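Within every chain, numbering begins at 1; the chains are lettered A, B, ... in the order of the sequence lines, protein sequences first and strands thereafter. Keep in mind that this is a model prediction, so the values were computed, not measured.
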Amino acid sequence: NAGVTQTPKFRVLKTGQSMTLLCAQDMNHEYMYWYRQDPGMGLRLIHYSVGEGTTAKGEVPDGYNVSRLKKQNFLLGLESAAPSQTSVYFCASSYTPGQKLLGAFFGQGTRLTVV
Amino acid sequence: AQKVTQAQTEISVVEKEDVTLDCVYETRDTTYYLFWYKQPPSGELVFLIRRNSFDEQNEISGRYSWNFQKSTSSFNFTITASQVVDSAVYFCALSVEDSGGGADGLTFGKGTHLIIQP
């Protein structure tokens, strides 16, 4: 099992450029999440999804959009990148209905630099 | 809203010493889950343990142990006989169950950077 896979692993963008981060999970999880990690801040939730076709805002959603067209994929978009979006981005998935909440499984992270 | 506080930003100890990482949480929900994750220098997040709010039993796994106390809203993590490989950032996290049975995200503390010196 691959678990949670993020693409790409590294990226450098110029201010104003757009990009999409892809997250794929093969555990049939219903819930998926995007977090960002900044030094001294821990991980903060950007957006999440409780199922195919659904999305919801987290703690720091501004400047990002997401889509969950397929259950296994959760896309994070930056329409016009800003230096403040320089961060490490983590995708996670969790929860299969009928099973106890076991916690979130995380991808390897994407290191994004906006110059 | 949930909150997790890890007051220790950085801890440095010499190898073989015992070390305890503190975690204090806040939530109004009666059903919640607590987690510890490890983030080694390579950057990935490694799941260590999950506890639910109805299970206050302490747990020991090898050199790791966890002390969950609802009375003080704490979920502390102890490493016994620390090793250099334990050097990492450790995160405590909290989630509550939503109406769908899952969780609308983990609330993380800011992490404790643990340095084990040889």
Note to self: Please classify the contact of A:Gln37 with chain B as side chain, backbone, both or neither, using a heavy-atom distance under 4.5 Å.
What the structure shows: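 Contact with chain B: side chain only.
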
Check: Checking A:Leu43 against chain B: side chain, backbone, both or neither under 4.5 Å from a heavy atom?
Finding: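 Both the backbone and the side chain of A:Leu43 come within 4.5 Å of chain B.
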
Hphob cluster co-occupancy, [X] + [Y], side-chain heavy atoms under 4.5 angstrom:
X       : Y       : result
A:Val4  : A:Leu75 : no
A:Leu22 : A:Tyr64 : no
B:Phe68 : B:Val19 : yes
B:Val13 : B:Tyr90 : yes

Checklist line | Close side-chain approach of A:Phe106 and B:Leu106, heavy atoms under 4.5 Å | finding: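 Yes - at least one pair of side-chain heavy atoms lies under 4.5 Å apart.
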
Margin query: Just so I know, are the side chains of A:Phe90 and B:Gln39 near enough to count as touching, which here means a heavy-atom distance under 4.5 Å?
Written below: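 Yes; the side chains approach each other to less than 4.5 Å.
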
Check: Can you pull the disulfide bond (SG atoms under 2.5 Å apart) pairs that have at least one residue in residues 18-69 of chain A, sequence neighbours excluded?
Finding: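 Residue pairs with at least one partner in residues 18-69 of chain A: A:Cys23-A:Cys91.
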
Should we count [atom1] of [X] as having more than 12 external heavy atoms under 6.0 Å?
X        : atom1 : result
A:Phe10  : CZ    : no
B:Lys16  : NZ    : no
A:Arg111 : CZ    : no
A:Gln17  : CD    : yes

Item checked: Point-to-point distance, once rounded to the nearest 0.5 Å, from OG of B:Ser95 to OH of A:Tyr31 ->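 Answer rounded to 0.5 Å: 10.5 Å.
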
Next item on the list: Please round to the nearest 0.5 Å and tell me the distance separating atom CD of A:Glu59 and atom OG1 of B:Thr107.
Entry: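 Those atoms lie 7.5 Å apart.
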
Notebook entry, point to check: When only heavy atoms count and the cut-off is under 4.5 Å, which of residues 108-118 of chain B reach chain A?
Noted result: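 Heavy-atom contacts from residues 108-118 of chain B to chain A are B:Phe108, B:Gly109, B:Lys110.
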
